[in-house]
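The structure appears right after this line, and notes come after that.
So you know, we letter chains A, B, ... as the sequences are listed, proteins then strands, and number each from 1.
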4 protein chains.
Amino acid sequence: MDAQREGKFQRILDAAIEAFAESGFHHCQVNKIARLAGVADGTIYLYFKSKEDVLIRVFQERMGDFIASMSKELSQCKTTEARLKTIVKTHFSYMEENRSIAIVTQLELRQSDPRIRLHINNTVVDYFNLIEEVIQQGIESGEVPKIDTRVARQMIFGSLDEATTDWVMARSPRTLKSEIEPMLALFEGALRLNKPNT
Amino acid sequence: MDAQREGKFQRILDAAIEAFAESGFHHCQVNKIARLAGVADGTIYLYFKSKEDVLIRVFQERMGDFIASMSKELSQCKTTEARLKTIVKTHFSYMEENRSIAIVTQLELRQSDPRIRLHINNTVVDYFNLIEEVIQQGIESGEVPKIDTRVARQMIFGSLDEATTDWVMARSPRTLKSEIEPMLALFEGALRLNKPNT
Amino acid sequence: MDAQREGKFQRILDAAIEAFAESGFHHCQVNKIARLAGVADGTIYLYFKSKEDVLIRVFQERMGDFIASMSKELSQCKTTEARLKTIVKTHFSYMEENRSIAIVTQLELRQSDPRIRLHINNTVVDYFNLIEEVIQQGIESGEVPKIDTRVARQMIFGSLDEATTDWVMARSPRTLKSEIEPMLALFEGALRLNKPNT
Amino acid sequence: MDAQREGKFQRILDAAIEAFAESGFHHCQVNKIARLAGVADGTIYLYFKSKEDVLIRVFQERMGDFIASMSKELSQCKTTEARLKTIVKTHFSYMEENRSIAIVTQLELRQSDPRIRLHINNTVVDYFNLIEEVIQQGIESGEVPKIDTRVARQMIFGSLDEATTDWVMARSPRTLKSEIEPMLALFEGALRLNKPNT
DNA sequence: TATGAATGAGCATTCATTCAT
DNA sequence: GATGAATGAATGCTCATTCAT
């Protein structure tokens, strides 16, 4: 019974991602999400508090998974170099392979409604922490000179985010993964990375 | 007579910036902009096509000025180092000194409505070009090794943008200008800047 | 369930007739129709496309019934004399007994909006055909000399219509049925009716 | 000076007829009338109380002339036959030669707004009186049997009016004057006209 | 649980009219 | 008188949410 409930929850979530990506949050009607999910309008409200809540949960669920998987991969890296590469590679690959989620993340979620922002920040802060930890580790191990971790994190996340938005909004389709190497090189330079075994 | 018209146009623009910053684009009623500008609701429509048009023009006018002034300052710089500093300093200073514009720019304008996006991109592309020219000049003068200018631009703009958004959304007020130096250091490292006369 | 739906449809239709008759189409607010029908504003739009659509349907439904019933009665008449009497009597009786419908028919529906006109004409043309058939039958049976059926129909319908409008707009209430006999006599003269069995 | 004023008054009147005929009363903006008349919006209000007043005056002025000219022609007729012919001929000819006025008269003026109706009725009543006088004269001279003059007038005016509306709304252009003779024949039959000297 | 018909709050925009020049 | 920029009242319709079944 609980599995059934979970299944319907996920179906609505997936339907919402498609609907938001296609029509935009404001122009997408709840009715459309319901139709795509194969449930009645009212059913949505048995699983979510409101349309906004659907948007928030989309982010929490999908980005939560994304962050968890990145966290796991990072834990297996030995060097800062490897960790930076993991961040850039995972970020670009995930977005390129989940375009609808990328659209929702890069465009729809940038609504300024305080309620939405608040919940999103709570989730994205985990990502920020992950990045800052990598920098901190680098500093502690001597691979990276002492720098302001917040500013460095803003640079890394901001760069990845901007590159993704650029890619999402590009008219002519192009690949995002091809930017992994050049972006990584910039990050290494910015952090003045001292590669141990080279 | 034309000066009067221009004055009223600017008054509505300023009122809109305040109103959008306070309530958000979607929740802000045209009536509120009119009240703040000291004109009747209908008067707005003598100067703007629609509420959306107001948002678009806010960006075009204010960012247009911002870009023009940055362009002018850049033309007086002799080195890539100076140019990078001008970019970071001008960006952070302008945003810190025009918080309402920053809110509108960083939050309200990230709506995905295609019409709005389109007009905004046309304006922001000028900023992108400015940044890419600086990188290109650096490469040509030998101050910067040969790198992908688009990726470098994404890093620079993305970092500045993320830092600004972070600052706009920070609960406890803090200064943005204090980030000029550390951010600049990161950029110089990323671009592996070869400072000539030092 | 379908009966319930049909019932609500009719209730809105009746409410609209009252509302239009009282305030006129343009001055009548959708909200008033909803109140009279005992439903919410939005409910109107579950049954009708727009306020204009309500007006059009009022005519189609009510005049459709009127024309159908007249058609049935005409089919039972043996002579042109009887048919003419049926037309005049049914027209005047129906209007006198349904004053609100008469008001809507004679006044509100004479809007020149092309969309409205078009739909109304499609319905009223059935009435025109009915009248022209009666004339044609009279000509074929020799009761009426060969005349232009369109002009004769314009005379008959125009006379009935004008008499009804006159009655609707009369300040002092008077009866419309009392005009049945004198109007009939005029029609018989106009058509130079040759009454067979007299 | 007064001639200048009168000229501008007429220019606005003519502009209004064109504008109403083209766009319909409700969809026609005062601004359009002003443009067509070559005056400023505000100027209209120096000559007319309101947009509705313009519509009313259009009818009063133009139909006033029409009625006056018909009255004059009728006074020169010797027989009821001649008078009936004058009515039908003048009505159809005038409408065919002034299509824009016909459109305004047959369609735009059928608005149910009480204020408009009232003023129009006061004007059209003169036309009704003219027709009823002709019938009365016929009765008194023995050319027409004793009948209800109101009903007879409703038949005559209603027939002419319906024929005109039919013509105005006809998709394929056709002539209205060709209906003079057949319509006249119907009227003579309806009134059982006894033609003296034939 | 699930449904989907019904609800009703909410708002951008138009345009007849005014009035300072 | 003439202008036309400014006014601001007025409202049809949408759509997130509810709730009787």
Checklist entry - Can M95(A) and T105(A) be said to form a side chain to side chain contact (heavy atoms under 4.5 Å, CB included), step by step? => result CA-CA 9 Å; M95(A) 292 301 176; T105(A) 303; 4.3 Å; yes
Checklist outcome for this item: Residue pairs meeting side chain to side chain donor-acceptor pair (under 3.5 Å), one or both in residues 35-56 of chain A, sequence neighbours left out, come to E52(A)-R115(A)
Next on the checklist: So K8(C), base contact, sugar-phosphate only, or nothing? Heavy-atom distance under 4.0 Å.
Outcome noted: sugar-phosphate
Next on the checklist: Can you list, in residue-number order, the parts of residues 41-48 of chain A that come under 4.0 Å of DNA chain F, counting heavy atoms only?
Outcome noted: G42(A), Y45(A)
Cut-off 3.5 Å, no hydrogens considered: what does the side-chain donor-acceptor table look like for residues 57-65 of chain D, sequence neighbours left out?
residue	atom	partner	partner atom	Å
R62(D)	NH1	Q10(D)	OE1	3.4
R62(D)	NH2	Q10(D)	OE1	3.4
R62(D)	NH2	D14(D)	OD1	2.6

Checklist entry - Are the side chains of F20(C) and I101(C) in touch, meaning some heavy atoms are under 4.5 Å apart? => result no
Checklist entry - By side-chain hydrogen bond (donor to acceptor under 3.5 Å, both in side chains), which residues pair with E22(C), not counting sequence neighbours? => result K32(C)
Next on the checklist: Tell me whether the side-chain N/O atoms of R5(A) come closer than 4.0 Å to OP1 or OP2 in dT1(E).
Outcome noted: yes
Checklist entry - So which of L55(C), I56(C), T123(C) actually passes side chain to side chain contact (heavy atoms under 4.5 Å, CB included) with L109(C)? => result L55(C)
Item to check | Duplex segments of DNA chain F, taken as runs of at least three Watson-Crick or G-U pairs that stay under 3.5 Å | outcome: E:2-21 with F:2-21
Item to check | Contacts of T165(A) that satisfy side-chain hydrogen bond (donor to acceptor under 3.5 Å, both in side chains) - sequence neighbours left out | outcome: Q106(A)
Checklist entry - Can you name the residues that form a side-chain hydrogen bond (donor to acceptor under 3.5 Å, both in side chains) with K8(A), not counting sequence neighbours? => result none
Next on the checklist: If the condition is side-chain contact (heavy atoms from CB on, under 4.5 Å), which residues does N122(A) pass it with, not counting sequence neighbours?
Outcome noted: none
Checklist outcome for this item: Under a 4.0 Å heavy-atom cutoff, the residues of residues 30-40 of chain A touching DNA chain E are V39(A), A40(A)
Item to check | Those residues that, when tested against H27(D), pass ring pair (Phe, Tyr, Trp, His ring centres under 6.0 Å) (two or more places apart) | outcome: none
